[in-house]
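Basis for what follows: all heavy atoms, side chains included, without hydrogens, waters or symmetry-related copies. All ligand and atom numbering here is 1-based and tracks the order in the structure. What you see is a predicted model, and the numbers here were worked out from it, not measured in a lab.
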Amino acid sequence: MPTFDTIDDLPADSRVLVRLDLNSPIEDGEPQDNRRFERHAETVRELADADHRVVLMAHQGRPGRDDFTSLAGHADILADHVGRDVAFVADTYGEAALDAIDALGPGEVLLLENTRMCEDELPEASPEEKAETEFVRTLAPRFDAYVNDAYSAAHRKHASLVGFPLALPAYAGRVMETEYEANTAIATREFDGPVTMVVGGTKATDVIGVMDALDDRVDRFLLGGVAGELFLRAAGHPVGRDVGEMDLFDEQWEGNRELIESVLDERGDAVRLASDLAYEGADGDRAEVAVDDVEEKREAFLDVGAATVADYEPAIRESDAVFVKGALGVFEDERFADGTVGVLEAIAETDCFSVVGGGDTSRAIEMYGLSEDDFSHVSIAGGAYIRALTGEPLPAVEVLEAAAERRER
Ligand SMILES: Nc1ncnc2c1ncn2[C@@H]1O[C@H](COP(=O)(O)OP(=O)(O)O)[C@@H](O)[C@H]1O
Ligand SMILES: O=C(OP(=O)(O)O)[C@H](O)COP(=O)(O)O
């Protein structure tokens, strides 16, 4: 169980500085609504309802990229979810920010500008160094407490994530609590029956590392997507290569070939691969081919086939826990959603402990009319979820734990 304090432990009428992760897809310069707003709204609403003065920090994108924008639009989306006004100030810790913070009344909510617009936020450094930055030293004295709800950014050693917990009493928000508990379950919980992991998506390098690190904590891996094809290639099939303009396979193959071969060597019995694959036929419809019948890869494979789904579904139904990382196909196109939706439906219908991670994959839940309630947890984290699965520590969680320990002494 987590050893950090939570917002249940906050003293009444606090002035709280809260770190959220509202990092979102940007279209035409505007943030797009997504699960992160809905989830963080619960923490914000709870703090405001308790009459704390609530000042929010968050980041958007990375400097130099198109997704590096102001948080003005984020404040409006968040306000809709919280059901209260969320004021915005286009400043991080300058005079305008400090004036807005000082003017805040009980139960009021203010969002500060993108933390990454402030020079002290990046690059990564130790909590001690970050705590000494002007950003932290200027803002911290204005507050009674710091709350970190940004689990999905907890793998970053940035000032807003690791610096403030050294300067202020630090607590975990609701998102931080629930994400931590569900995502570490694979390492910390005992399950009576088989533990299954569904592995897919495009970031093969990430998921292959997870498979290697998890070792015998997972009884079987059900593979699809890019990683699935790379494993088929290692097993001697002429797939898992780039065709045409594609740039998904060859580089990831070169980078992971040895690891894939060693996973197959050591855990081959636990790894289930697709027996058939789907592609776009000449008429534009979905077509399928048995992997054994593929003599040469001529077109992109965009999903696992029906026989594979029929093999994976019962494996899920008899599992006690299922963790999903990555989609089995290009589910955004209805023709190639069968694999991803098939496994998600099997999980939803089964009474197992289940976690679905990764921003893209979890979008399939609402796209295909499934209910989030049928899963134990749908994570809003990508990189942090992977680290939690492999047992790698998250610096921003570690500083929260250290803060709780200091307070206990
Ligand atoms: N065979 C495939 N070829 C290309 N893209 C794929 C394939 N299988 C799955 N995908 C894509 O993988 C994406 C999810 O991958 P990834 O980013 O790794 O996962 P997540 O965002 O869930 O962490 C989906 O958007 C899906 O379209
Ligand atoms: O969206 C995020 O990470 P994710 O894509 O791994 O879920 C976090 O906000 C971290 O962002 P960053 O990867 O730019 O540091």
Quick one: look up the protein heavy atom nearest [atom] and list residue, atom name and how far away it is.
{"atom": "atom 8 (C) of ligand 2", "value": "Asp21 OD2, 3.3 Å"}
{"atom": "atom 12 (P) of ligand 2", "value": "Arg62 NH2, 3.4 Å"}
{"atom": "atom 10 (C) of ligand 2", "value": "His59 NE2, 3.9 Å"}
{"atom": "atom 3 (O) of ligand 2", "value": "Ser152 O, 4.0 Å"}
{"atom": "atom 6 (O) of ligand 2", "value": "Gly383 N, 2.7 Å"}
{"atom": "atom 5 (O) of ligand 2", "value": "Arg36 NH2, 4.6 Å"}

Any N/O of [X] closer than 3.5 Å to an N/O of ligand 1?
{"X": "Asp303", "result": "no"}
{"X": "Phe301", "result": "yes"}
{"X": "Glu229", "result": "no"}

Note to self: Which label fits Phe135 and Tyr93: parallel for a plane angle under 30°, tilted from 30 to 60°, or perpendicular past 60°?
What the structure shows: tilted

Next item on the list: Classify the ring geometry between Tyr368 and Phe331 as parallel (under 30°), tilted (30 to 60°) or perpendicular (over 60°).
Entry: perpendicular

Item checked: Partner of Thr133 under side-chain contact (heavy atoms from CB on, under 4.5 Å), chosen from Asp120, Leu139, Thr138 -> Asp120

Atom indices of ligand 2, in the order listed, that fall short of 4.0 Å to a heavy atom of [X]:
{"X": "Asn23", "result": "1 (O), 2 (C), 8 (C), 9 (O), 11 (O)"}
{"X": "Arg116", "result": "11 (O), 12 (P), 14 (O), 15 (O)"}
{"X": "Arg156", "result": "12 (P), 13 (O), 15 (O)"}

So is [X] in contact with ligand 1, going by heavy-atom distances below 4.0 Å?
{"X": "Arg363", "value": "no"}
{"X": "Gly329", "value": "yes"}
{"X": "Leu248", "value": "yes"}

